[in-house]
Amino acid sequence: MSGKTAVVLGGGVGGVVTASTLRRMLPKEDRIILIERSGRHVFWPSLLWLMTGTRKVQDVQRDLADLRQKGIDVLKGEVTRLDPATRTVYIGDEVLQGDALVVALGAELAPERIPGLAEAGHNFYTVEGATRLYEALQTLHEGRVVVLIAGVPFKCPAAPYEGAMLIDHLLRKRGVRGRVEVAVWAAEPAPMGVAGPAVSQGVKDLVAERGIAYHPSRHVSRVDVAHRRLQFEGGDEASYDVLAVVPPHVPPAVVQEAGLTAPGGWVAIDRESCETRFENVFAIGDVTGVMLAMGKPLPKAGVFAHAQAEAVARTIAARWTGRDDEGRFSGNGECFIEMGSGVAGFARGNFYAEPVPEVKMFRPGRHWHVAKVAFEKNWWRTWF
Ligand SMILES: Cc1cc2nc3c(=O)[nH]c(=O)nc-3n(C[C@H](O)[C@H](O)[C@H](O)COP(=O)(O)OP(=O)(O)OC[C@H]3O[C@@H](n4cnc5c(N)ncnc54)[C@H](O)[C@@H]3O)c2cc1C
């Protein structure tokens, strides 16, 4: 009987998969603690369907307390401090120590970094913002919708483009698309650039085919809320009636203060084991920064957080049970690209391939949309 404790920080994609996989792999004498400040788990890809009215708030989230029946100690609370050298976690006044720590705290959304953005825009990277965006789109009869990518990096490289295409489809269904312009203004030079020029061009074409204007490499500096105008570095301006926002993403302060980060602020890890420079302290998912040979970081995506979580759980279980089969994250990933009207695209590949990732985009079709819906269903069935 080992009687060890694994402390998993964050109840998002990476945290839930790590805790549940560890629970399956370890004897019941070992304790698995999962700490999450919101107390809920959100399946983020479904937010795109929340903003188009095909999901309700209750469809996209679950109470993490449900995991207690599986033998996971779920703790609702904010991790306020972290000492990786002693593997100690502080949740306010409560102190916990683990034999292994898994940091899966994600990326913080920081709309307040751009003056006016928080008041003006619907941040569709939150449940509340996606809900409000749906309401705003329902009452729009003419004017302009802008999808704004306010900074890089941001999670799910496809999501803003999927968002724009789903908005296009919703407005067509409502019969108002002829009177509403849709545009994407992006802080990045091209969509899904890490996946390579073919995928990037493929996404650009999909957006263009729907009459959605695309303005890349535009860094928003301010929003004039009263006049509903966006101001960009270099002098460009754009007006909007409905503003759908992907806000700037920043690393959580707690990991920076813990000395876990590399320049840029994201947590530095070994790209295959996901271990930090502290033994038995791992980090996975959006909180990490992994630089690829091509000179760009591994995108922030649930598919990677998921695979990293499984690899880390396997490593911890191997170390604690004396097995010789530690986990490794391969860099493989895939992504659906929702387009509206029940059609989606799909891209898959290896992001660790050198000198550049090898990613292929498949021809869009109904079957990819059906597969994405099945993936969502399977998510809840598997993890809750
Ligand atoms: C609209 C949208 C669509 C997306 N679609 C896709 C998709 O189709 N495919 C895909 O692969 N990815 C997609 N993603 C990205 C994916 O959701 C993220 O990359 C993934 O959730 C990352 O997992 P994570 O565990 O690293 O972080 P998260 O899932 O964000 O979890 C981090 C958790 O930590 C908690 N936390 C943070 N700080 C603290 C603290 N101090 N104390 C306690 N708890 C804390 C947070 O509340 C959060 O629950 C999408 C994202 C969005 C927003």
Side-chain angles (χ1 to χ4, degrees), residues 7-19 33-52 55 60-62 64 74-82 89-92 94 102-109 123-127 129-130 133 147 153-163 166 192 244-247 249-258 266-267 274 283-289 298-309 312 332-338 344-348 351 368 371-373 375-376 379 383:
V7 184
V8 181
L9 283 56
V13 171
V16 162
V17 173
T18 307
I33 304 174
L34 178 66
I35 309 166
E36 165 61 46
R37 66 179 168 202
S38 69
R40 63 182 183 170
H41 175 82
V42 177
F43 186 66
W44 301 106
S46 303
L47 262 57
L48 292 169
W49 292 326
L50 187 61
M51 71 177 225
T52 52
R55 296 291 181 281
V60 306
Q61 58 187 14
R62 296 282 188 281
L64 277 170
V74 178
L75 229 162
K76 183 176 173 185
E78 172 97 21
V79 176
T80 47
R81 194 154 79 84
L82 184 58
V89 180
Y90 300 81
I91 306 126
E94 198 169 340
V102 183
V103 182
L105 293 172
E108 295 283 350
L109 304 179
N123 172 1
F124 70 97
Y125 272 36
T126 65
V127 171
L133 177 57
V147 177
F154 60 91
K155 49 189 164 184
C156 191
Y161 303 96
E162 296 179 276
L166 290 169
M192 299 178 71
V245 172
V246 178
H249 288 34
V250 295
V254 71
V255 296
Q256 302 192 52
E257 288 156 13
W266 304 99
V267 177
C274 303
I284 56 173
D286 292 353
V287 78
T288 66
L298 181 73
K300 299 194 180 304
V303 66
F304 299 134
H306 182 166
Q308 290 170 328
V312 164
N332 287 335
E334 57 202 30
C335 133
F336 297 102
I337 304 162
E338 276 288 287
F346 184 70
R348 169 186 279 160
F351 286 75
W368 295 124
K372 182 159 185 172
V373 174
F375 182 77
E376 177 197 46
W379 184 265
W383 305 112

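Both ligands and their constituent atoms are indexed starting at 1 by order of listing. Since we're looking at a predicted model, the values are computed, not measured.
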Asks: List the closest protein heavy-atom neighbour of atom 27 (O) of ligand 1: residue, atom name, distance to the nearest 0.1 Å.
Replies: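 Of every protein heavy atom, G106 CA, 3.5 Å lies nearest to atom 27 (O) of ligand 1.
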Asks: Among V79, V103, V42, which residue places a heavy atom closest to atom 42 (N) of ligand 1?
Replies: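 Considering heavy atoms of V79, V103, V42, the nearest to atom 42 (N) of ligand 1 sits in V79.
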Asks: What protein heavy atom sits nearest atom 44 (N) of ligand 1, and how far off is it?
Replies: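 Of the protein heavy atoms, R37 N, 3.2 Å lies nearest.
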Asks: Would you check if the side chain of E338 reaches a backbone N or O of E162 as a donor-acceptor pair within less than 3.5 Å?
Replies: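 Such a contact is absent between E338 side chain and E162 backbone.
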Asks: Which of parallel (below 30°), tilted (30 to 60°) and perpendicular (above 60°) describes F346 and F336?
Replies: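 Plane angle between 30° and 60°, so tilted.
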Asks: For P252, is there any backbone N or O sitting under 3.5 Å from a side-chain donor or acceptor partner on E108?
Replies: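 Side chain of E108 to backbone of P252, a donor-acceptor pair under 3.5 Å: no, none is there.
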Asks: Less than 4.0 Å is my threshold; does some heavy atom of Y125 fall inside it relative to ligand 1?
Replies: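 Yes.
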Asks: Going by heavy-atom distance to atom 31 (O) of ligand 1, choose the closest among G10, G12, S38.
Replies: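 Nearest heavy atom to atom 31 (O) of ligand 1 lies in G12.
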Asks: Does the side chain to side chain contact (heavy atoms under 4.5 Å, CB included) test come out yes or no for L47 and V42, once each step is laid out?
Replies: CA-CA 9 Å; L47 262 57; V42 177; 3.8 Å; yes
Asks: Which distance, rounded to the nearest 0.5 Å, do you find between the NE2 of H306 and the CD1 of I284?
Replies: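 Those atoms lie 10.0 Å apart.
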Asks: Indicate yes or no for a side-chain donor-acceptor contact from Y125 to the backbone of F154 under 3.5 Å, with no hydrogens or angles considered.
Replies: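 No, because the side chain of Y125 does not come within donor-acceptor range (under 3.5 Å) of the backbone of F154.
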Asks: When you measure from the heavy atoms of A104 to every atom of ligand 1, does any distance fall below 4.0 Å?
Replies: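 In this structure, A104 qualifies as a contact of ligand 1 - some heavy atom is under 4.0 Å.
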Asks: Take every heavy atom of G77, measure it against each atom of ligand 1, and state whether any distance is under 4.0 Å.
Replies: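 It does; at least one heavy atom falls under 4.0 Å.
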Asks: Looking at side-chain heavy atoms only, is the closest gap between K300 and W266 below 4.5 Å?
Replies: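 Yes, their side chains come closer than 4.5 Å.
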Asks: Using a 4.0 Å heavy-atom cut-off, say whether A305 meets ligand 1 through its side chain, its backbone, both or neither.
Replies: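 Side chain only.
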Asks: Can you name the atoms of ligand 1, numbered from 1 with element, that are less than 4.0 Å from a heavy atom of G285?
Replies: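 Result: 26 (O).
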Asks: In terms of residue, atom name and distance, what is the protein heavy atom nearest to atom 24 (P) of ligand 1?
Replies: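 Sorting protein heavy atoms by distance from atom 24 (P) of ligand 1 puts G14 N, 4.0 Å first.
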Asks: Is the shortest distance from a heavy atom of R40 to ligand 1 less than 4.0 Å?
Replies: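 False for this residue.
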Asks: Which ligand 1 atoms, with their elements, are less than 4.0 angstrom from a heavy-atom of G302?
Replies: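 That gives atoms 10 (C), 11 (O), 12 (N), 15 (C), 16 (C), 18 (C), 19 (O), 20 (C) of ligand 1.
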Asks: Which option out of W44, F304, F336, F124 puts a heavy atom nearest to atom 21 (O) of ligand 1?
Replies: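 Going through W44, F304, F336, F124 one by one, W44 has the nearest heavy atom to atom 21 (O) of ligand 1.
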Asks: With side chain to side chain contact (heavy atoms under 4.5 Å, CB included) as the test, would you mind laying out the steps for Q61 and S38 before giving the verdict?
Replies: CA-CA 11 Å; Q61 58 187 14; S38 69; over 6 Å; no
Asks: Under 4.0 Å, heavy-atom basis, I'd like to know which part of H306 is in contact with ligand 1: side chain, backbone, both or neither.
Replies: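 For H306, no heavy atom sits under 4.0 Å from ligand 1.
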Asks: Taking 4.0 angstrom as the limit and counting only heavy atoms of V303, give me the atoms of ligand 1 inside it, by number and element.
Replies: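 Answer for ligand 1: 10 (C), 11 (O).
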Asks: Of all the atoms in ligand 1, which lie at a distance below 4.0 Å from a heavy atom belonging to E78?
Replies: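 Under 4.0 Å from E78, ligand 1 has these atoms: 40 (C), 41 (N), 42 (N).
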Asks: Counting from 1, what ligand 1 atoms have a heavy atom of K372 closer than 4.0 Å?
Replies: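 Within the 4.0 Å cut-off of K372, ligand 1 contributes 8 (O).
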Asks: Do the side chains of W368 and I337 get nearer than 4.5 Å, heavy atoms only?
Replies: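 No, side chains not in contact.
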Asks: Yes or no on side chain to side chain contact (heavy atoms under 4.5 Å, CB included) for L64 and V16, after CA distance, side-chain angles and deciding distance?
Replies: CA-CA 9 Å; L64 277 170; V16 162; 3.7 Å; yes
Asks: What protein heavy atom sits nearest atom 47 (O) of ligand 1, and how far away is it?
Replies: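 Scanning the protein heavy atoms, the shortest distance from atom 47 (O) of ligand 1 goes to E36 OE2, 2.6 Å.
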Asks: Assess the residue pair E334 and F375 against the criterion (side chain to side chain contact (heavy atoms under 4.5 Å, CB included)); give the C-alpha distance rounded to whole Å, side-chain angles, the decisive distance to 0.1 Å, and a yes or no.
Replies: CA-CA 12 Å; E334 57 202 30; F375 182 77; 6.0 Å; no
Asks: Quick test of your reading of the model: are R62 and E36 salt-bridged, counting only N-O distances below 4.0 Å?
Replies: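 Answer for the salt bridge query: no.
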Asks: With no hydrogens and no angle check, just 3.5 Å: does a side-chain donor-acceptor pair link W379 and H41?
Replies: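 Per modelled atom types, W379 and H41 side chains form a pair under 3.5 Å.
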Asks: Could you tell me the residue and atom name of the protein heavy atom closest to atom 22 (C) of ligand 1, and the distance to it rounded to 0.1 Å?
Replies: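 For atom 22 (C) of ligand 1, the nearest protein heavy atom comes out as D286 OD2, 3.2 Å.
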Asks: Compare L48, V8, L105, V13 and give the one whose heavy atom is closest to atom 29 (O) of ligand 1.
Replies: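 Closest candidate by heavy-atom distance is V13.
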Asks: Atom 9 (N) of ligand 1: which of C156, G11, A158 has the nearest heavy atom?
Replies: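 Nearest option to atom 9 (N) of ligand 1, by heavy atoms: C156.
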